[in-house]
Protein chains: 4
Amino acid sequence: MARTGARRARRYDPDRRTRILDAALDVMAEHGTAGTTHRTIAARADVPLGSVTYHFASLADLQAQAFARYVELQSATFEKLFEDVETHEQFVEVLVDLVHGGPARHRSAVLGFELHLAALRNPDLRVLTQAWTWESRAVLARFTGPGTAARLDALLEGMIMHALLAAEPEPREATRAAIVQTLGPATHTPRGDP
Amino acid sequence: MARTGARRARRYDPDRRTRILDAALDVMAEHGTAGTTHRTIAARADVPLGSVTYHFASLADLQAQAFARYVELQSATFEKLFEDVETHEQFVEVLVDLVHGGPARHRSAVLGFELHLAALRNPDLRVLTQAWTWESRAVLARFTGPGTAARLDALLEGMIMHALLAAEPEPREATRAAIVQTLGPATHTPRGDP
Amino acid sequence: MARTGARRARRYDPDRRTRILDAALDVMAEHGTAGTTHRTIAARADVPLGSVTYHFASLADLQAQAFARYVELQSATFEKLFEDVETHEQFVEVLVDLVHGGPARHRSAVLGFELHLAALRNPDLRVLTQAWTWESRAVLARFTGPGTAARLDALLEGMIMHALLAAEPEPREATRAAIVQTLGPATHTPRGDP
Amino acid sequence: MARTGARRARRYDPDRRTRILDAALDVMAEHGTAGTTHRTIAARADVPLGSVTYHFASLADLQAQAFARYVELQSATFEKLFEDVETHEQFVEVLVDLVHGGPARHRSAVLGFELHLAALRNPDLRVLTQAWTWESRAVLARFTGPGTAARLDALLEGMIMHALLAAEPEPREATRAAIVQTLGPATHTPRGDP
DNA sequence: TATGAATGAGCATTCATTCAT
DNA sequence: GATGAATGAATGCTCATTCAT
């Protein structure tokens with residue numbers, strides 16, 4: 001039978017919940033929190049409207065769970081970025097990539113800022129931003145020590161935002177220089193600073 | 001329903017336009033871009049609804065002009081912050097204040113992030129973010145040189161966001177240390193680096 | 001131009017508010033409080049949906065105002081019923097008509113019960129039911145004295161409800177007998193009981 | 001969203017049907033016909049949503065059966081009220097109690113009016129209102145004769161409604177007077193009038 | 001048999017915008 | 001010029017009902 005129609009009958013559909021969450025993140029990245037509606041999400045997830053309201057008590061609830069999923073996925077991704085880092089140079093290179101990341105990084109970067117802004121007004125979301133901050137600092141601290149990690153974290157956040165908004169990309173060299181300067185002269189060993 | 005507040009007849013009201021823009025900024029700071037509507041703004045400005053649509057062609061237009069006003073005011077404010085700075089120590093102190101600014105700074109910081117996020121999706125707003133970035137870097141560069149200014153700008157942005165979201169304020173000492181480290185050892189003279 | 005179309009442009013339309021209230025009463029009489037929605041009312045009043053929500057802050061508000069209008073109109077109508085009553089017999093006859101009133105009375109009777117039931121759950125509506133009770137007792141008391149008026153009022157209410165629900169109409173004779181018995185032997189004079 | 005309350009597995013549950021009906025009556029008494037939904041009823045009966053739709057073909061059906069149960073229970077209760085009545089005075093006293101019944105009577109009174117109003121629009125329910133009217137008149141008639149019973153029935157209905165709505169309870173004396181006057185001078189014997 | 005998931009229709013309400021006055 | 005009324009589109013959400021398991 002025609003299986004490519006507007007919507008196939010999908011009475012049995014586990015992980016629909018998760019699909020909705022991912023669709024919500026997509027929509028939020030594209031249209032911002034303001035443009036995120038039950039209908040847009042439903043369309044993106046290829047799911048009837050009622051399905052979205054069935055699985056989530058409210059739009060705010062859906063948003064919160066989507067952000068939670070984002071932090072969870074992002075933490076894993078972030079961790080993996082540094083998995084194979086063995087030298088100081090590799091570490092720096094990964095960070096530069098992070099800032100200059102192409103469209104692939106775009107989505108997650110935008111979502112990150114969207115989450116930050118949302119958390120500014122919704123204290124319930126603070127646990128997520130705090131978890132995310134703590135997590136990323138912890139990963140960085142394995143290479144730099146805690147103090148430098150916090151500084152680096154802030155610097156990266158600022159540079160990523162600027163990179164997203166810049167008319168033309170800043171040269172990688174400038175980014176690298178900023179990172180190296182922030183890391184300071186002492187950090188030569190790949191893991192931890194004594 | 002027709003909600004008629006107690007509103008005095010205001011026959012001659014030359015800076016109503018400006019009052020509306022300021023009200024819009026207030027509302028945006030409080031409720032975010034999403035919660036900013038003609039009605040909320042009109043109520044905040046204590047002006048009839050029709051007045052808002054009369055003075056501005058569309059909500060997007062009003063928003064853009066409000067952001068423009070924000071950048072203009074903010075640039076002046078930022079400039080003034082450094083007016084009396086004469087020593088390296090004073091410079092650092094002003095920057096630390098910037099990050100730990102109390103509720104007074106809160107509004108403008110939130111609006112800054114709101115503008116950044118809006119600009120991410122609306123290219124028309126990029127001229128504003130670019131002007132603002134250029135402007136603040138220029139001011140900083142008077143004390144640090146251009147390269148350091150860019151780094152410092154990014155660091156401050158990241159730290160301000162973290163400060164806004166932190167459960168409990170980070171110690172001023174950590175902030176100061178981050179700034180001092182970013183300024184580097186060479187920057188001793190208050191004005192410009194050779 | 002075609003003026004009989006689905007909806008004529010009606011930019012200038014005073015007493016639209018009142019028309020909406022009357023439409024609301026019509027709908028409530030026909031479909032009950034449960035079936036009364038913005039949309040049904042708008043359709044009945046031949047007015048766009050937005051017009052209903054523009055003029056009334058909420059559906060509850062609209063309902064309350066409609067009931068208020070009902071009580072107001074009904075009081076006047078009730079009063080007028082007894083305008084020309086001069087003899088005891090005429091008085092009795094008007095009351096019997098009240099109970100056996102045809103479809104013309106049907107609407108108002110149903111609305112009356114609808115209001116009573118609504119007031120049971122919404123204390124704000126109690127002022128209306130109390131005004132209405134007080135008013136009708138006052139009119140009746142002009143012919144019977146206060147004590148009898150209250151009894152009569154209750155009796156009429158019960159009989160009207162039974163008449164509305166009866167499979168086949170009770171004989172006017174029985175109604176008259178009940179009324180006469182309630183009025184008691186003393187009430188001969190058309191106005192007031194000594 | 002899937003709201004899973006703490007619900008014990010209830011494998012063998014023979015009178016679940018009845019429990020649902022009683023829950024429906026509770027909900028109807030509290031929130032009115034309008035607020036009576038499958039979900040509210042299920043929650044009140046502490047039963048899964050599917051269980052309500054499983055046992056009853058439609059909401060209208062459930063409502064009708066609930067009303068039927070109400071009439072059945074109410075008839076028995078009403079009958080029992082007069083079981084021990086032996087004198088005229090006792091009879092009057094029971095009737096006065098009926099009107100001034102406290103919160104215990106509140107539920108059934110409200111449900112009675114709810115049923116009457118529903119029957120006004122749904123002819124299927126008329127068999128219930130007629131049965132109920134016939135039944136209560138029959139009980140009363142055992143003490144008064146048929147004519148007086150009908151009058152009394154109407155009077156009681158009106159007085160009960162007024163009592164429910166009155167800001168402050170009318171004095172029992174007035175109620176008693178109304179009843180005594182309606183019973184008339186002849187009714188002295190406890191059972192039947194020849 | 002019992003039930004959680006699913007869905008389409010409908011509802012109250014908000015809102016940007018237009019327009020007659 | 002200024003504004004209250006008006007309106008059509010959209011939004012968050014609820015709900016009766018169906019159905020696969």
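Letters A, B, ... mirror the listed sequences (proteins, then strands); counts begin at 1. This one's a predicted model, so the numbers in the text were calculated from it and none came from an experiment.
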Worksheet item: Any Lys/Arg nitrogen of B:R121 or B:E114 sitting under 4.0 Å from an Asp/Glu carboxylate oxygen of the other?
Response: no

Practice prompt. Would you tell me if any nitrogen or oxygen in the side chain of B:H38 comes within less than 4.0 Å of OP1 or OP2 on E:dA16?
Written response: yes

Worksheet item: Is a side-chain donor-acceptor pair under 3.5 Å present for A:T40 with A:T37?
Response: yes

Worksheet item: Is D:T53 touching bases, backbone alone, or none of the nucleic acid, heavy atoms closer than 4.0 Å?
Response: base

Worksheet, complete the sentence: B:H31 atom NE2 is separated from E:dC15 atom C1', nearest whole Å, by 16 Å

Discussion item. Students often mix this up, so state it plainly: with edges at 30° and 60°, are the rings of B:Y70 and B:F67 parallel, tilted or perpendicular?
Written reply: perpendicular

Fill in: Closest to side chain of C:L59, choosing from E:dT7, E:dA12, F:dA6
E:dA12

Fill in: Base-pairing assignment for F:dG8 (Watson-Crick or G-U wobble, both under 3.5 Å)
E:dC15

Practice prompt. When you get a sec, tell me which of E:dA6, E:dT13, F:dG1 is the closest nucleotide to the side chain of B:Y54?
Written response: F:dG1

Worksheet item: NA contact type, D:S51, heavy-atom cut-off 4.0 Å: base, sugar-phosphate, or nothing?
Response: sugar-phosphate

Discussion item. What is the separation between atom CG on A:D46 and atom C1' on E:dT7, rounded to the nearest whole Å?
Written reply: 14 Å

Worksheet item: Expressed in angstrom and rounded to an integer, what is the separation of B:Q63 atom CD from E:dC15 atom P?
Response: 14 Å

Worksheet item: Does A:T40 or C:G50 map to a spot on DNA chain F nearer the 5' end, using the closest nucleotide for each?
Response: C:G50

Discussion item. OP1 or OP2 of E:dA6 versus the side-chain N and O atoms of A:H55: is any pair under 4.0 Å?
Written reply: yes

Practice prompt. Rounded to the nearest angstrom, tell me the gap between atom CD1 in D:I41 and atom C1' in F:dA16.
Written response: 11 Å

Practice prompt. Let me know the distance between CG of A:D15 and P of E:dA5, rounded to the nearest Å.
Written response: 14 Å

Worksheet item: What is the distance from CG of A:L49 to P of E:dG10, rounded to the nearest Å?
Response: 14 Å

Worksheet item: With D:D22, which of D:R69, D:R44, D:R16 fulfils salt bridge (charged side-chain N to carboxylate O under 4.0 Å, His left out)?
Response: D:R69

Discussion item. Let's test this: given Watson-Crick or G-U wobble pairing with both distances under 3.5 Å, identify the partner of E:dT21.
Written reply: F:dA2

Discussion item. What is the separation between atom CZ on B:R19 and atom P on F:dA2, rounded to the nearest whole Å?
Written reply: 12 Å

Worksheet entry | Atom pair distance, as rounded to whole Å: CG in B:D61 and P in E:dA16 | 14 Å

Worksheet entry | N-O pairing of B:D26 and B:R107 below 4.0 Å | yes

Worksheet item: What nucleotide among E:dA12, E:dG10, E:dA16 has an atom nearest to a side-chain atom of C:R39?
Response: E:dA12

Practice prompt. Look at all strands and tell whether C:T36 reaches a base, only sugar-phosphate, or nothing, counting heavy atoms closer than 4.0 Å.
Written response: sugar-phosphate

Discussion item. Taking the minimum atom-to-atom distance to the side chain of C:R16, which one of F:dA6, E:dT13, E:dA16 wins?
Written reply: F:dA6

